[in-house]
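Everything below concerns the one structure shown next.
Every chain is numbered from 1, with letters handed out A, B, ... down the list of sequences.
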There are 2 protein chains.
Amino acid sequence: MAKQELQREALLESVADHLLAHGLQGASLRPLAAAAGTSDRMLLYYFKDKRELMAEALLLIARRFITLLDASRGEPMPAAQLLPMLAGMIGQPLVKPYMQIWLELVALASRGDETIQPAARKICDAFLGWIGQALDIENKTERLAQAAVLFTFIEGLGVLDAVAGPELPAAAVKAARPLFDPA
Amino acid sequence: MAKQELQREALLESVADHLLAHGLQGASLRPLAAAAGTSDRMLLYYFKDKRELMAEALLLIARRFITLLDASRGEPMPAAQLLPMLAGMIGQPLVKPYMQIWLELVALASRGDETIQPAARKICDAFLGWIGQALDIENKTERLAQAAVLFTFIEGLGVLDAVAGPELPAAAVKAARPLFDPA
DNA sequence: GTTGTTTTGTAGCGAGTGCTACACAAAATG
DNA sequence: CATTTTGTGTAGCACTCGCTACAAAACAAC
């Protein structure tokens, strides 16, 4: 009976790959199945719904993103140093697919789509937690507060990256850095 | 010949209403036409394409957003004061539809959709310009730099508003405010 | 080998998509 | 009034969507 579970996981991996590469928009069963080397018929055999398939694939993507974050964990550093590092991170080609799908999740969540809520929440918590752990501030409430600020700013950078040229985000980072410097 | 132009504008207004209310996702010709009191046949009579219709409707939405911004123009103020005001503004029910459709535009732009680029660019420039004009900083480059920072942060707040509860954005604003205070 | 269960292919349904052909009415133009 | 232009309804095409009915393999258990 583990065979079925194994096949489910394999399908989810392929579907996650396709979603990361081509986005949620227009991700229909037949292309997803083709990417996984099967037919839509089979996807709906292993998953009762398209909704169930998508929800589980998105959770897998969230898990992948978390491992990606954990892989680049280093020594805690001050905010003024962490900011440009994060700004550089979200531009990396390895991270970009996650930012793109993240923006799609945000747009859907804003319209009240509850299918994606678990994955979105997971990614959000993971990213925020990672930033908090990367800050070298002893006072916990102060650290969490700074993490929230940095998180918000990084999210804004993601938006600007998507919609504007590279100059505006770069200027924003350059101008924001001194704000975090120990005054 | 002005009759045709008039009808086009009227249709665009209705389509813009519908898009603001229900989003871009799943906005197909027949519901759009029904919202405008006609048939899909007529939409494609006044607009050669769905793409042309959407592009023009989005530009109208951008114009509406700009007038909305201009209506709430006041005396320039310091950044530490402008930040909570902007944070409150994007939560207003009158502004929220624009934020929702903006997030959809961002997600599409991130995937390289060039149909929406003009509208996205227009909204972006208008918002950034509005923030710059609302800041009372004499030095122009300094003002533009601060505007970029505030803009980025507000975009991040929009994302957080969509995906997280209200506590996280509120905490981010509260923690970010002292950073802008004259040290 | 004969059962019974799990996995898969084929085919298709009903609804929706953007878009078009055709016909006809209304209105402008001579 | 006759004619051309402009506006509109009906019907439908070719396609995609999620999903399902049916049946035949593949495999297991006895």
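Counting non-hydrogen atoms of neighbouring residues, nucleotides and ligands closer than 6.0 angstrom, the NZ atom of B:Lys96 reaches no more than 12 such neighbours.
Distances from the side chain of B:Met42 to the nucleotides C:dC19, C:dG9, D:dT8 place D:dT8 closest. In the set C:dT17, D:dC19, D:dT8, C:dT17 carries the atom at the smallest distance from any side-chain atom of B:Pro31.
When the side-chain nitrogen and oxygen atoms of A:Ser28 are compared with OP1 and OP2 of D:dC17, one or more of them lie within a distance under 4.0 Å. The side chain of A:Tyr46 contributes an N or O atom lying less than 4.0 Å from OP1 or OP2 of C:dT8. For B:Gln4 and D:dT6, the shortest distance from a side-chain N or O to OP1 or OP2 is not below 4.0 Å.
The aromatic rings of B:Phe65 and B:Tyr98 are tilted relative to each other, their planes meeting at an angle between 30° and 60°.
We find that CD of B:Glu5 is positioned 15 Å from C1' of D:dT6, with the value rounded to whole Å. If you measure from atom CZ of A:Arg51 to atom C1' of D:dG18, you get 13 Å, rounded to the nearest angstrom. Rounded to an integer number of Å, the gap from B:Leu43 CG to C:dT17 C1' is 14 Å. Put simply, CD on A:Gln7 is 9 Å from P on C:dT7, counting in whole angstrom units. If you measure from atom CZ of B:Arg8 to atom C1' of D:dT8, you get 17 Å, rounded to the nearest angstrom. The CG-C1' distance, from A:Leu29 to D:dC17, rounds to 8 Å in whole Å. One can place CD of B:Gln25 at 14 Å from P of D:dC17, the figure rounded to the nearest angstrom.
Between the side chain of B:Arg30 and the base of C:dG18 there is at least one donor-acceptor pair of N/O atoms closer than 3.5 Å.
Annotation: the span from A:Gln25 atom CD to A:Leu108 atom CG amounts to 8.5 Å, rounded to 0.5 Å.
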Item to check | Protein proximity profile, nucleotides 20-25 of chain C - base contact B, sugar-phosphate-only contact S, no contact -, cut-off 4.0 Å on heavy atoms | outcome: BBB---
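Tested against B:Leu86, the residues B:Phe127, B:Phe151, B:Phe153 include a single side-chain contact (heavy atoms from CB on, under 4.5 Å) partner, B:Phe127.
Taken together through direct or relayed side-chain contacts under 4.5 Å among Ile, Leu, Val, Met, Phe, Trp and Tyr, A:Leu59 and A:Leu12 form parts of separate hydrophobic clusters. Note on A:Leu144 and A:Leu83: separate hydrophobic clusters, where clusters join Ile, Leu, Val, Met, Phe, Trp and Tyr whose side-chain heavy atoms are under 4.5 Å apart, directly or indirectly.
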Next on the checklist: Let's go through A:Glu104 and B:Glu104 carefully: what are the C-alpha distance in whole Å and the side-chain angles of both, what is the deciding distance for side chain to side chain contact (heavy atoms under 4.5 Å, CB included) to 0.1 Å, and is it a yes or a no?
Outcome noted: CA-CA 7 Å; A:Glu104 292 192 70; B:Glu104 292 192 70; over 6 Å; no
